[in-house]
Amino acid sequence: MSLEFRNAVITGLTRYPKRLSPKFFYDKRGSELFDQICDCPEYYFTRSELGVLREHADEIAQALGDRTSLVEFGSGASRKTRVLLDHLPTLSAYVPIDISEDFLLETSKRLSRDYPSLKILPVVADFTQPLARIIEKLPNKNSRGKLAAFFPGSTIGNFHRDEAQRFLARTAEFLGNAGALLVGVDLNQDKRSLELAYDDRAGVTAAFNLNLLDRMRRELVAAVDSTLFRHHAVYNR
């Protein structure tokens, strides 16, 4: 990851406007901070999506059916997934995919403890790349049943339109004709609510974003001082 991270930093910070992929937020520290963000009162996404999942869990479970292998892109702490797991006792397997290895393995251990009869197959991978590594981890075709993918959190909004189209095309090919995709997409909210969601009063989101600079210093020995930067969230309608 360090070589990819290094190349992305050099390329992204020498262009105008400067840009880095959001996936680089998620080292272990970043993943822990994002988990804290989900508890911030301003961050309505998690509460809203959990509410939708709880309200429609039976309907979703019926649509997915029995003996399904559930793959989650960017699983994080798998908070929302637990709602599905509670309603899908006959899952063939749960395959959480995350770029942060330590955080993923810790989460998978907790899930294995809480769902001892469920086969949990964690995959450390960048889900925005080709999905060959994920396919290798799945149960064989005879035992895995239908493939279903879970992509919550309005994370698809992190992609530019052409990136989202490529990702969805790869996902459709990965899932096959009988597959299913459950994706969370936010509505166009008011400017104030969105900016507070990404700039909470406790400063957790600021710490999350500035951790990217600290990660550059830790992993790349970059001469960067995060105390000289300020987090500023602006909604570009």
Side-chain angles (χ1 to χ4, degrees), residues 1-47 49 72-81 96-111 122-129 151-160 163 167 184 186 193-236:
M1 169 55 73
S2 290
L3 181 59
E4 182 192 2
F5 184 35
R6 175 185 179 275
N7 292 339
V9 166
I10 292 172
T11 301
L13 299 187
T14 52
R15 62 183 291 184
Y16 183 82
K18 301 181 187 303
R19 180 175 184 264
L20 282 174
S21 170
K23 69 184 181 183
F24 294 115
F25 283 126
Y26 296 97
D27 63 346
K28 186 174 188 294
R29 177 60 179 156
S31 296
E32 291 169 348
L33 284 167
F34 182 75
D35 201 33
Q36 294 175 34
I37 288 171
C38 293
D39 290 325
C40 290
E42 298 92 344
Y43 197 77
Y44 64 86
F45 306 101
T46 303
R47 294 189 302 277
E49 213 161 34
E72 182 172 3
F73 299 127
S75 55
S78 298
R79 290 187 182 206
K80 299 161 192 167
T81 321
I97 304 165
D98 204 272
I99 202 168
S100 177
E101 181 173 8
D102 292 341
F103 196 78
L104 173 65
L105 296 180
E106 289 174 5
T107 299
S108 297
K109 285 180 182 178
R110 289 194 294 270
L111 288 170
V123 179
V124 181
D126 175 3
F127 65 81
T128 66
Q129 301 302 309
F151 193 39
S154 197
T155 308
I156 197 163
N158 288 343
F159 296 114
H160 287 294
E163 293 172 333
F167 168 73
D186 193 20
S193 296
L194 279 168
E195 291 185 347
L196 279 173
Y198 288 98
D199 196 5
D200 58 275
R201 294 178 180 88
V204 184
T205 309
F208 171 71
N209 284 347
L210 294 173
N211 177 64
L212 181 56
L213 300 174
D214 292 331
R215 182 182 180 187
M216 289 165 55
R217 191 181 67 252
R218 290 191 300 267
E219 295 185 21
L220 307 178
V221 199
V224 58
D225 182 355
S226 61
T227 65
L228 301 178
F229 291 79
R230 294 292 181 270
H231 168 68
H232 184 52
V234 177
Y235 176 41
N236 184 341

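These values consider heavy atoms only, across backbone and side chains, with no hydrogens, waters or symmetry-generated copies.
- Note: T155 OG1 to D186 CG = 11.0 Å, rounded to the nearest 0.5 Å.
- Checked against a 6.0 Å centroid threshold, the rings of F45 and Y198 count as neighbours.
- Atoms OG1 and CG, from T46 and D39 in turn, are 8.0 Å apart once rounded to the nearest 0.5 Å.
- When every heavy atom of P152 is checked against every heavy atom of K80, the shortest pair comes out as CB-CD, 3.9 Å.
- Between L220 and S2, the shortest heavy-atom distance links the atoms CD2-O, 3.7 Å.
- A donor-acceptor pair under 3.5 Å is formed between the side chain of T14 and the backbone N or O of T11.
- Checked for salt-bridge contact, K23 and E163 miss the test: no charged N lies under 4.0 Å from a carboxylate O.
- Residues A77 and D35 approach most closely at CB-OD1, 3.4 Å, considering heavy atoms.
- A salt bridge is defined here as a Lys NZ or Arg NE, NH1 or NH2 lying under 4.0 Å from an Asp or Glu carboxylate O, and R29 with D214 fails to meet this definition.
- Under the 3.5 Å distance criterion, the side-chain polar atoms of R230 are matched with a main-chain donor or acceptor of T227.
- The CG atom of L3 sits 4.5 Å away from atom CG of N7, with the distance rounded to the nearest 0.5 Å.
- E42 places none of its side-chain heavy atoms less than 4.5 Å from the side chain of T205.
- Residues S78 and L111 form a side-chain contact, since some pair of their non-hydrogen atoms from C-beta on lies under 4.5 Å apart.
- In this structure, F159 has its ring center closer than 6.0 angstrom to the ring center of F167.
- Residues Y26 and F103 place their aromatic rings such that the two centres sit no closer than 6.0 Å.
- L194 is listed as a side-chain neighbour of Y44, based on a closest heavy-atom distance under 4.5 Å.
- When all heavy atoms of F24 and L212 are compared, the pair lying nearest together is O-CD1, 3.4 Å.
- Across all non-hydrogen atoms, the minimal contact from V124 to I99 is CG1-O, 4.1 Å.
- Taking CD of E195 as the reference point, atom CG of D200 lies at 13.5 Å (rounded to 0.5 Å).
- H160 contributes atom NE2, which lies 3.5 Å from atom CZ of R19 (distance to the nearest 0.5 angstrom).
- A donor and an acceptor atom, one from each side chain of D98 and S100, are nowhere located under 3.5 Å apart.
- Distance alone, capped at 3.5 Å, places no donor-acceptor pair between the R217 side chain and the S226 backbone.
- When side chains are defined from C-beta on, M216 counts as touching L13, because their heavy atoms get closer than 4.5 Å.
- Listed for the R47 side chain is a donor-acceptor partner under 3.5 Å among the backbone atoms of P41.
- Between N211 and G30, the shortest heavy-atom contact is ND2-N, 3.5 Å.
- Note that CG of L20 and CZ of R215 are 10.0 Å apart. Values are rounded to the nearest 0.5 Å.
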